[in-house]
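Structure record follows, encoded as structure tokens.
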Amino acid sequence: MVVALRQIVVCFSLWAVCVLSKPTEKKDRVHHDPQLSDKVHDDAQNFDYDHDAFLGAEEAKTFDQLTPEESKERLGKIVNKIDEDKDGFVTTEELKAWIKFAQKRWIYEDVERQWKGHDLNEDGLISWEEYKNATYGYILDDPDFNYKQMMVRDERRFKMADKDGDLIATKEEFTAFLHPEEYDYMKDIVVQETMEDIDKNGDGFIDLEEYIGDMYSHDGDTEEPEWVKTEREQFVEFRDKNRDGKMDKEETKDWILPSDYDHAEAEARHLVYESDQNKDGKLTREEIVDKYDLFVGSQATDFGEALVRHDEF
């Protein structure tokens, strides 16, 4: 419990530092899907981008140490996981879901770490009471308890994540609680919390000065940086769509949760197109393994790329 209290104090201290100190760079509240890889997508040169997209960058590196036979064997096991309905085929939708999972594996690892500290009775579920006691238990009876607002906010988010309303979270619901921006049904709470953070006068809207004040503190400066001037223009021209001088809930949602280009779907379509030998729009295990070097690396592909780099040098 002491550890939990210390975590809260540390988090609160960091929050205070961020709020009270002058930011050195723009705070970004916009939730974007990350790029699938930082490598160039050029299959004529190599399949590195596809490997990162399919496995995640860190996992992709582990395949480069395997023989082609070992890579094919591990790929075959992955295919079994991708085929969610177990009909023997991998569809574009299943492949897209897998790519999204691979790219956000860190989220699930974070949930696993936190799960162990909050599932106090080890029944495979986390109730609100368990979470509250694990996080705030040590200080609940403290007359100087200053984190009540934080706890109320946590409870509201927990209830939103808890789809069946029993105040007991499954692992999926707990993931939605910890990472609400990843779930469509949690987007309203992300918007609400963001507006509460920025809306200093409590009128339920975000005006221009509140918008800028969340990103930048003048701190006596007479001249604003160029990026602040640009943000003022962005607010007037694009954020405040109805030109009433403030952002409402929908305008805030469009700002922080934009409809991005779906990189995972584009990559899934690309992988299916390149591997679908009989052109039936879906992949068998054999089709994927036959085209294994598109999906995963191996010592052979790594060595081949090394030869190409040597020749270019």
Side-chain angles (χ1 to χ4, degrees), residues 4 7-8 11-12 14-15 27-36 56 58-59 81-82 84-85 93-137 147-199 249-265 268:
Q7 288 174 337
I8 294 171
C11 288
F12 186 80
L14 288 173
W15 171 84
K27 181 193 296 182
D28 190 4
R29 288 191 177 269
V30 182
H31 299 280
H32 289 292
D33 278 339
Q35 295 290 323
L36 301 183
E58 291 305 312
E59 184 69 12
K81 295 180 181 178
I82 300 173
E84 292 184 357
D85 59 9
E93 279 302 310
E94 287 173 328
L95 198 48
K96 172 184 168 182
W98 169 261
I99 291 170
K100 284 183 176 291
F101 168 79
Q103 292 298 316
K104 294 175 179 176
R105 189 177 274 119
W106 68 271
I107 289 177
Y108 300 102
E109 291 172 351
D110 174 54
V111 171
E112 287 297 330
R113 283 193 299 269
Q114 299 215 38
W115 187 268
K116 295 173 184 175
H118 291 94
D119 182 14
L120 302 180
N121 64 4
E122 299 183 349
D123 66 346
L125 299 165
I126 295 177
S127 68
W128 166 246
E129 286 300 314
E130 280 181 303
Y131 179 82
K132 182 176 70 173
N133 289 331
T135 307
Y136 301 101
Y147 304 105
K148 186 172 182 180
Q149 187 176 355
M150 196 185 302
M151 188 175 73
V152 169
R153 184 159 155 158
D154 273 355
E155 183 175 12
R156 183 181 63 191
R157 190 197 284 192
F158 192 97
K159 288 178 177 177
M160 179 72 77
D162 175 30
K163 283 187 168 182
D164 58 10
D166 62 358
L167 285 180
I168 299 174
T170 62
K171 190 161 287 188
E172 187 70 12
E173 289 170 335
F174 192 62
T175 304
F177 167 69
L178 293 177
H179 299 278
E181 70 282 353
E182 302 296 333
Y183 291 81
D184 286 339
Y185 81 97
M186 294 293 289
K187 286 184 176 179
D188 284 347
I189 202 75
V190 175
V191 174
Q192 184 176 356
E193 290 178 0
T194 301
M195 293 190 76
E196 288 172 352
D197 288 343
I198 303 175
D199 175 25
K249 180 179 176 181
E250 285 305 311
E251 289 168 331
T252 303
K253 185 176 182 178
D254 289 343
W255 166 43
I256 65 172
L257 297 168
S259 300
D260 287 340
Y261 174 74
D262 197 331
H263 295 279
E265 180 170 357

To the nearest 0.5 Å, what is the distance between CZ on Phe177 and CE on Met186?
8.0 Å
CD of Gln35 to NE2 of His263: how many Å apart, nearest 0.5 Å?
4.0 Å
Side chain to side chain contact (heavy atoms under 4.5 Å, CB included) between Glu173 and Ile168: does it pass, once the steps are laid out?
CA-CA 9 Å; Glu173 289 170 335; Ile168 299 174; over 6 Å; no
Is there a donor-acceptor contact under 3.5 Å from the side chain of Glu94 to the main chain of Glu84?
yes
Spacing of CZ belonging to Arg29 relative to CD1 belonging to Ile198, to within rounding of 0.5 Å:
4.0 Å
Keeping to residues at least two apart or across chains, list the salt bridge (charged side-chain N to carboxylate O under 4.0 Å, His left out) pairs with something in residues 177-186.
Lys104-Glu182, Asp184-Lys187
If you define the side chain from C-beta out and look only at heavy atoms, does anything of Phe158 sit under 4.5 Å from Lys132?
no
Counting N and O atoms only, with roles assigned by atom type, does the side chain of Gln103 sit under 3.5 Å from a partner on the main chain of Lys100, one being a donor and the other an acceptor?
no
Which heavy atom in Ala134 sits nearest to a heavy atom in Gly117, and how many Å separate them?
CB-O, 3.7 Å
Assess whether salt bridge (charged side-chain N to carboxylate O under 4.0 Å, His left out) is satisfied between Glu250 and Lys253, documenting all intermediate values.
CA-CA 5 Å; Glu250 285 305 311; Lys253 185 176 182 178; 5.2 Å; no
Closest approach of Ile99 and Ala268, non-hydrogen atoms and distance?
CD1-N, 3.9 Å
Check the angle between the aromatic planes of Trp98 and Phe101 and answer parallel, tilted or perpendicular using the 30° and 60° thresholds.
tilted
Supply the atom-to-atom distance Ile189 CD1 to Lys159 NZ, rounded to the nearest 0.5 angstrom.
11.0 Å
Donor-acceptor pair, side chain of Glu265 and main chain of Lys96, under 3.5 angstrom
no
May I ask you to decide if the ring planes of Phe174 and His118 are parallel, tilted or perpendicular, using 30° and 60° as cut-offs?
tilted
Considering only heavy atoms from C-beta outward, does the side chain of Arg153 approach that of Glu196 to under 4.5 Å?
yes
Who passes ring pair (Phe, Tyr, Trp, His ring centres under 6.0 Å) against His179, sequence neighbours left out?
Trp106
Exam field: side chain Asp119 to backbone Gly124, donor-acceptor pair closer than 3.5 Å:
yes
Does the side chain of Glu172 come within less than 4.5 Å of Tyr183's, by heavy atoms?
yes
Walk me through whether Ser127 and Leu167 qualify under side chain to side chain contact (heavy atoms under 4.5 Å, CB included).
CA-CA 6 Å; Ser127 68; Leu167 285 180; over 6 Å; no
So, taking the atom named CD1 in Ile256 and the one named OG1 in Thr194, what distance separates them when rounded to the nearest 0.5 Å?
3.5 Å
Are the side chains of Met195 and Gln192 in touch, meaning some heavy atoms are under 4.5 Å apart?
no
Nearest atoms (heavy-atom pairs only) where Trp115 meets Leu125:
CZ2-N, 3.7 Å
Do any pairs count as a salt bridge (charged side-chain N to carboxylate O under 4.0 Å, His left out) and have a residue in residues 107-117, sequence neighbours left out, and if so which ones?
Asp110-Arg113, Glu112-Lys171
In this structure, CE of Met150 is separated from OH of Tyr136 (nearest 0.5 Å) by 5.5 Å
